[in-house]
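Each ligand, and each atom within it, is numbered from 1 in the order the structure gives. It should be emphasised that the depicted structure is a prediction, and the values quoted were computed from it without experimental measurement. When a residue number appears, it is its place in the shown sequence, counting from 1.
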Amino acid sequence: MKVCVIGTGYVGLVTGAVFADLGNDVICVDNNKEKVEKLKKGIMPIYEPGLEEMVRHNYEDKRISFTGDLGDAVRKSDVIFIAVGTPPAADGSTDLSFVEAVAKEIAAHIDKYKIIVNKSTVPPGTGEFVRNVIEKNKRHQVDFDVVSNPEFLKEGSAIRDSYNPDRVVIGAPSQNIAMALVELYAPLEAPMLITDVASAEMIKYASNAFLATKISFINAVANICERIGADVGLVAKGMGSDKRIGKEFLMAGLGYGGSCFPKDTLSLIHTSQKFGEDFHILHSVVKTNEERTPRFISRIKETIGSVKGKKFGVLGLAFKPDTDDMRDAKSVEVINELHKEGAKFAVYDPISMDNAKSMIPKDVEYMENASEVAKGADALIIMTEWKEFQGLNLEEIKAAMKRPLILDVRNIYTLDRMERLGFEYVSIGRRPLVSKN
Ligand code: UDX
């Protein structure tokens, strides 16, 4: 099938690469010329395991190409995916200006029947909006249909998720129209759900909001665990063993970050209000999430007193492992807040340090590895659960530190081990191991 994907961000680029890998002719379009030139040379704008190799070999085999010429790509394609950014507006709603601009451009070039697919995360009703924009601006009397096909991939495992989706959701005006996308996804042998457009749009928002709710729920449970000496990891395991609850997304921490959950929860609250409904639960989900970092900062101060002049080592900056994405990363909140109060920082992240530089203070020192970060530190903060931090030589780390205190927001070590090694250890939703002096 001839496919064009507009927007080469996470969703667009991964979608394009996977469709090419499944044997389709894919044209990826972006209005950022530099990005397009780099992609042609095999240089990826983002880090995502397996993506570079997949793009490279499909590019060599001429199944994927990159261009800035949207009109040409539209004319050559049967199915057009819109995968541009949908950032949050100041009032929590979703800024659809990129989607609108692309719809207008499609309208200017559409010359025969095409299916236009919304893959960007957009509020319910956007399918209708895109349809109207194209209808109003099209230059030829041609038919077209707008379909919603939300993306559920997670950063860090985007290729794996795309190849093994729990479900493919296709929201189309009719079964017939949906069949074109069914054909496109058929090689994945994934369960497919065909719905109307509005339901598909709602599935995406409701799913993300529900997952965010799970995270805030377990974080609220973690708060109580800290008070009563319970272990949130065990509680999550016990809860998650009930199939109705499920094990996933019950990991306590500083709350959800990244480019999706924070904006999608706010956007769903906004959409609900727009239609005269108040999504009460989601307000609490967002509030609980916002309270995570201030609570953690208070715990740090309870443990070490004033942070002025104290040196913190930080392991991990990205909002989650296996990505260099720093959007809504909790590390930024923690570092900036403590820095305001006079703390100093040495940090290490396997791949996101370049992206972090513009977001955290200039005097932060960037190190080559965890041992360097630990040198002379009053405390080591584990911010991201990168695998390599689990295998650290903790004896060596302890010897390098000024005070053997680890503040771990991802609970990557067991209390037993930390106790045995003689660390002071403050984690989430578990009793703290702190010397009383
Ligand atoms: C999310 C959705 O999972 C995905 O389906 C959607 O397409 C895009 O948004 P992503 O933002 O890439 O994906 O990461 P995800 O793994 O979902 O994590 C989001 C945030 O929640 C991260 O900050 C992560 O650390 C946090 N999280 C996740 C927890 O705190 N606890 C958990 O148990 C799971």
Side-chain angles (χ1 to χ4, degrees), residues 9-15 18 46-49 51 83 85-86 88 94 118-122 148-162 164-169 200-201 203-222 232-233 235-237 239-240 245-268 285-286 288-293 296 316-334 349 352 382-386 408-412 427-429:
Y10 261 101
V11 170
L13 191 53
V14 172
T15 302
V18 169
I46 48 167
Y47 172 80
E48 187 60 41
L51 181 63
T86 48
T94 300
N118 246 330
K119 213 164 195 17
S120 303
T121 302
V122 289
S148 164
N149 171 221
E151 183 49 66
F152 299 98
L153 60 81
K154 300 185 291 298
E155 291 183 22
S157 56
I159 302 282
R160 197 172 63 227
D161 292 346
S162 301
N164 306 286
D166 287 346
R167 76 303 204 187
V168 173
V169 175
E201 291 171 334
I203 287 171
K204 171 67 189 181
Y205 265 100
S207 300
N208 274 4
F210 190 79
L211 292 170
T213 304
K214 270 187 112 175
I215 297 170
S216 278
F217 190 93
I218 199 67
N219 283 331
V221 170
V232 73
V235 175
K237 200 169 173 186
M239 287 169 64
I245 298 174
K247 291 185 176 28
E248 307 278 334
F249 282 68
L250 286 178
M251 191 167 122
L254 291 196
Y256 52 83
S259 64
C260 293
F261 289 169
K263 85 173 165 76
D264 294 352
T265 41
L266 291 176
S267 181
L268 185 50
V285 168
V286 170
T288 301
N289 203 55
E290 285 169 356
E291 285 169 356
R292 299 308 291 159
T293 301
F296 177 59
L317 295 169
F319 88 97
K320 62 183 238 179
D322 291 323
T323 174
D324 60 355
D325 198 343
M326 288 295 300
R327 285 176 291 178
D328 260 310
K330 298 291 168 182
S331 62
V332 175
E333 287 177 19
V334 170
D349 185 285
S352 68
I382 307 221
M383 285 299 317
T384 318
E385 64 277 30
W386 284 96
D408 177 5
V409 305
R410 301 279 44 178
N411 292 3
I412 66 171
S427 52
I428 302 286

Could you tell me, for ligand 1, which of its N or O atoms are under 3.5 Å from any protein N or O, listing the pairs and their distances rounded to 0.1 Å?
from	atom 1	to	atom 2	distance (Å)
ligand 1	5 (O)	F152	O	2.7
ligand 1	7 (O)	E151	O	3.4
ligand 1	7 (O)	L153	O	2.8
ligand 1	7 (O)	K204	NZ	3.0
ligand 1	12 (O)	E155	N	2.7
ligand 1	14 (O)	K320	NZ	3.1
ligand 1	16 (O)	K320	NZ	2.8
ligand 1	23 (O)	G257	N	2.8
ligand 1	25 (O)	R410	NH1	2.9
ligand 1	30 (O)	R410	NH2	3.3
ligand 1	31 (N)	M251	O	2.8
ligand 1	33 (O)	L250	N	3.2
ligand 1	33 (O)	M251	N	2.8

For side chain to side chain contact (heavy atoms under 4.5 Å, CB included), just list the numbers for V235 and K237, CA-CA rounded to whole Å, side-chain angles, deciding distance to a tenth of an Å, and then say yes or no. CA-CA 5 Å; V235 175; K237 200 169 173 186; over 6 Å; no

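- The shortest heavy-atom contact between A329 and A318 is CB-C, 4.2 Å.
- Between the side chain of T94 and the backbone N or O of S267, no donor-acceptor pair lies under 3.5 Å.
- With contacts defined as side-chain heavy-atom distances shorter than 4.5 Å, the pair T15/K119 qualifies.
- Identified under the side chain to side chain donor-acceptor pair (under 3.5 Å) test for residues 249-263, with sequence neighbours left out: T86-K263, E155-S259.
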Full working for side chain to side chain contact (heavy atoms under 4.5 Å, CB included) between L250 and I245: CA-CA 10 Å; L250 286 178; I245 298 174; 4.1 Å; yes

